[in-house]
Amino acid sequence: MPYDSPVRVRFAPSPTGQLHVGNARTALFNWLLARGSGGTFVLRIEDTDVARSTRESEAAIIEDLEWLGLTWDEGVERGGDRGPYRQSERLHIYRAHAVELLSRGLAYRCFCPPEQLEMDRYHALKDRRPPKYIGRCREISPEDARRRAESGEPAAIRFRIPDNRDVTFNDLVRGEVTFNTDVLGDPVIVRSEGVPAYNYAVVIDDALMEITHVVRGEDHISNTPRQILLYEAFGWKPPTFAHVSMVLGPDHSLLSKRHGATSVAEFRARGYLPEALTNYLALIGWSPGEGQEIVPIDELARRFRLEDVGHSAGVFDVEKLGWVNRHYVKHATPDRLLELALPHLRRAGYAEAPTPEAVSYLATVIPLVTASVDRLDQIPARLGFLFDYSAERALSDSAVRAEAQASRPVISALAEVLASGEPLHDRDAFRTAVARVRERTGAKGKTLLHPIRLALMGEPEGLELDLAVPAITRGAALGAAGIRPISSPAERAAALDRVLGALASDEAVPSPE
RNA sequence: GUCCCCAUCGUCCAGAGGCCUAGGACGCGGCCCUUUCAAGGCUGAAACCAGGGUUCGAAUCCCUGUGGGGACGCCA
């Protein structure tokens, strides 16, 4: 049995910006572990960086977690009996524990001004020494230190790291890891403003919140020995640690903004589905086995084991995310698709304020293009043939224009047939019209359909005409129903024929070029 | 610089000494379908970082090297 007691895990973001997909993956792994084992998932906000933390970021992160479906049982906005869950509201707790450490001589006051520390660091780096705190204030007597602090001299509190000791822990994903304390340097646990520092606050919180498994990014692995020493100082049993590998960009550096979208919010805005993102994120550094790739989140929770998480960093592959997303888009219900696609259509200016009729029209037309789309924000472009028809633009490519000019008879015939015939409400009506054009011109195959496509859709490629033409016809019948008006097939054919006619008479006159 | 972690196709994973002439997925190429582009189906190319051990036998274990990543902060 992998986990003897009920698992309590946590995700502890600092509200200093958007939720990064790498952190989202960490949150996901925690969530999967909790859900898969009937454990508890705690959300704690680490807002001890007063300068950078904002309530806006906190709200944004919470929104993203909820959107992803990574619900938490205990924590901010949900409560629980081990709160408060915002570190800025736990200052008294940190203070009390720091006083204890101080009185036991396990911590000491440090009066080194920040500028001094910066210099130390600079020189250490220059002399190729580890840039750790050199311990200048280590030996100040507690009495002196207290006097200086009470006289108003700014003092941080540092934790005393013992000399030359091996600290070993058994990492659930990496196995046994050992650090010697000599590489460590005494960390600040309480800043001179009285606010706790990360390495200290996490320990207090994880211990008091009874976290059993600390699952976090590999970038924290070298913080672990310091934290273990802190647990020991308080006589607490450290949790089990599990450091999951990092997520990299295509160039193998840490995934960052210069690689493009990195935040959950951006992916949401681009029209990725939450289940696609969680599914894909789970696939970085882990595999459900049996060659399966498309696995819904509940199933992931059932199969996920920390022991199976890979050891090496993984490159974030937008292409594969796109593939996963496409899968979920294809399987989404029409209603949901409509709801999700509407904002994108609005932004494109295609559907500012659609009437109920227009909405039900859009509901029929959106599924036509979803199979060919990786993201929902690509839907407007795929639907451009409806809202954005222009005979002039259809002919802007010279090769296309040449073909169209050669096919002018087909286009003229089409314009005539459509001017007098029935609207092309369905595919049979369309095929009948095509047959008439064929009879009149003798054209068939490509020479028949290519010009017709160009005339009706304004594009040499795209959706099947059998599907597109009825959609155009029905859209045109709608008029201006809070959407951008759609011109009818008859109007389109006439327009293209007219432009082609103008072109022909222009060319009859020798051009000055 | 010091310490820590890591190392299988371009990418993500499978592989826990013989089942490996290394498997799957994304992507890429080809073919099919099709009036077009996609989608879909089929198919192909593509990897065990190097060198030493251990062993009858190593992608799998050990060592060294190399490469990549992380950390060393009054950021988290």
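Here is the naming used below: chain letters follow the sequence lines, and residue numbers restart at 1 for every chain.
Between A76(B), G73(B), C3(B), one nucleotide has an atom nearer to the side chain of Val183(A) than all others, and that is C3(B). Closest contact between the side chain of His311(A) and the listed nucleotides C72(B), U11(B), A7(B) involves A7(B). In this structure, the nucleotide among G1(B), U35(B), U36(B) sitting nearest to the side chain of Leu449(A) is U35(B). Ranking C12(B), C74(B), A14(B) by closeness to the Ser287(A) side chain, first place goes to A14(B). For Glu46(A), the side-chain atoms get nearest to A76(B) when compared with the rest of C13(B), A76(B), G69(B). For Pro131(A), taking side-chain heavy atoms from C-beta onward, the closest of the listed nucleotides C5(B), C74(B), G1(B) is G1(B). With distances taken from any side-chain atom of Asp219(A) to the nucleotides C74(B), G70(B), C12(B), the minimum falls on G70(B).
The gap from the C1' atom of C20(B) to that of C28(B) amounts to 25 Å, rounded to the nearest Å. For the C1' atom pair drawn from A7(B) and U60(B), the interatomic distance equals 13 Å after rounding to whole Å. The gap from the C1' atom of G40(B) to that of G18(B) amounts to 41 Å, rounded to the nearest Å. Comparing the C1' positions of G70(B) and U64(B) gives a spacing of 23 Å, expressed to the nearest Å. Taking atom C1' in both A25(B) and A46(B), one finds a spacing of 14 Å when rounded to whole Å. Rounded to whole Å, the P atom of A50(B) lies 15 Å from the corresponding atom of G67(B).
A salt bridge does not link Glu403(A) with Arg401(A): every distance from a Lys NZ or Arg NE/NH1/NH2 to an Asp or Glu carboxylate oxygen is 4.0 Å or more. Of the charged side-chain nitrogens involved, none lies within less than 4.0 Å of a carboxylate oxygen, so that Asp377(A) and Arg270(A) do not count as a salt-bridged pair. The existence of a salt bridge linking Glu58(A) and Arg86(A) is confirmed by a sub-4.0 Å separation between a basic side-chain nitrogen and an acidic carboxylate oxygen.
Residue-level contact check: Gln292(A) touches neither bases nor backbone, having no heavy atom under 4.0 Å from any strand. Glu464(A) comes within 4.0 angstrom of a nucleotide base, judged by non-hydrogen atoms across all strands. At the heavy-atom level, Gly310(A) lies nowhere under 4.0 Å from the strands shown. The residue Thr48(A) sits close only to the backbone: its heavy atoms come under 4.0 Å of sugar-phosphate atoms, none of a base. Among the heavy atoms of the strands lying under 4.0 Å from Arg158(A) are primed sugar atoms or P, OP1, OP2 only; no base atom is included. Glu293(A) comes within contact range of at least one nucleobase, with a heavy-atom separation under 4.0 Å. At the heavy-atom level, Arg174(A) lies under 4.0 Å from the strands shown only through sugar-phosphate atoms. Within the nucleic acid shown, Asp182(A) has no heavy atom closer than 4.0 Å to any nucleic acid atom. Across all strands, Leu465(A) comes closer than 4.0 Å to base atoms (heavy-atom distances). Residue-level contact check: Leu125(A) touches neither bases nor backbone, having no heavy atom under 4.0 Å from any strand. Among the protein residues, His220(A) comes within range of the nucleic acid bases, having at least one heavy atom under 4.0 Å from a base atom. As judged by a 4.0 angstrom heavy-atom cut-off over every strand, Leu448(A) is placed among residues making no nucleic acid contact. Using a 4.0 Å heavy-atom criterion, one finds that Gly185(A) contacts no nucleic acid atom at all. Residue contacts for Ser192(A): at a heavy-atom cut-off of 4.0 Å it reaches a base atom on one of the strands shown.
Atoms CZ and CG, on Arg25(A) and Leu255(A) in that order, are 11.0 Å from each other to the nearest 0.5 Å. To the nearest 0.5 Å, atom CG of residue Leu28(A) and atom CG of residue Leu300(A) are 7.0 Å apart.
Judged by atom type and distance alone, Asn223(A) does not reach the base of A71(B) through any side-chain donor-acceptor pair under 3.5 Å. For Arg453(A) against U36(B), a side-chain N or O and a base N or O form a donor-acceptor pair under 3.5 Å.
Rounding to whole angstrom units, CG of residue Leu456(A) and P of U35(B) are separated by 16 Å. One interatomic measurement links the two molecules: CZ of Arg109(A) to C1' of C74(B), which rounds to 15 Å at whole-angstrom precision. Protein atom CG of Leu248(A) is 14 Å distant from nucleotide atom C1' of G67(B), rounded to whole Å. Atom pair Leu254(A):CG and G68(B):P shows a separation of 15 Å (rounding to whole Å applied). C4(B) atom P lies 15 Å from atom CG of Asp171(A), rounded to whole Å. In this structure, the CH2 atom of Trp286(A) is 12 Å from the P atom of C13(B), given to the nearest Å. Following rounding to the nearest Å, Gln18(A) (CD) and A76(B) (P) show an atom-to-atom distance of 20 Å. Nucleotide G24(B) holds its P atom 15 Å from the CD atom of Glu290(A), rounded to whole Å.
Across all strands shown, G67(B) pairs with C6(B); the Watson-Crick or G-U wobble distances both stay below 3.5 Å. Pairing for G27(B) is absent, with no Watson-Crick or G-U wobble pair whose two atom distances lie under 3.5 Å. Under the Watson-Crick or G-U wobble criterion, with both distances below 3.5 Å, G40(B) is paired with C32(B). Here G73(B) sits opposite no nucleotide as a Watson-Crick or G-U wobble pair (both hydrogen-bonding atom distances under 3.5 Å). With a cut-off of 3.5 Å on both Watson-Crick or G-U wobble distances, the partner of A22(B) is given as none.
When ring centroids are compared, Phe316(A) and Phe267(A) come within the 6.0 Å threshold. Aromatic rings of Phe29(A) and His213(A) (six-membered ring for Trp) have centroids beyond the 6.0 Å cut-off, not under it.
In this structure, Glu176(A) places its CD atom where only 12 or fewer heavy-atom neighbours from other residues, nucleotides or ligands lie under 6.0 Å away.
Under the ring pair (Phe, Tyr, Trp, His ring centres under 6.0 Å) criterion, the residue pairs touching residues 157-196 of chain A are Phe169(A)-Phe241(A), with sequence neighbours excluded.
Residue whose closest nucleotide on RNA chain B sits further toward the 5' end, between Lys132(A) and Gly175(A): Gly175(A). Along RNA chain B, the nucleotide nearest to Phe179(A) and the one nearest to Leu283(A) differ in position, and the one closer to the 5' end is contacted by Phe179(A).
A cation-pi arrangement, defined by a distance under 6.0 Å to the six-membered ring centre and an angle within 45 degrees of its axis, is present between Arg158(A) and Tyr133(A).
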So Arg408(A) and Asp497(A), side-chain contact (heavy atoms from CB on, under 4.5 Å) or not? Walk me through it.
-> CA-CA 7 Å; Arg408(A) 175 98 199 271; Asp497(A) 188 46; 2.9 Å; yes
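Considering only side-chain N and O atoms, Lys330(A) lies under 4.0 angstrom from the phosphate OP1 or OP2 of G40(B). For the pair Arg52(A) and A76(B), the criterion of a side-chain N or O lying under 4.0 Å from OP1 or OP2 is not met.
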Check nucleotides 26-28 of chain B against the protein and report each pair of N or O atoms closer than 3.5 Å, with its distance, or say if there are none.
from   : atom 1 : to        : atom 2 : distance (Å)
C26(B) : OP1    : Trp323(A) : NE1    : 3.3
C26(B) : O2'    : Lys320(A) : N      : 3.2

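Annotation: ring-ring contact (aromatic ring centres under 6.0 Å, His included) contacts of Trp72(A) (sequence neighbours excluded): none.
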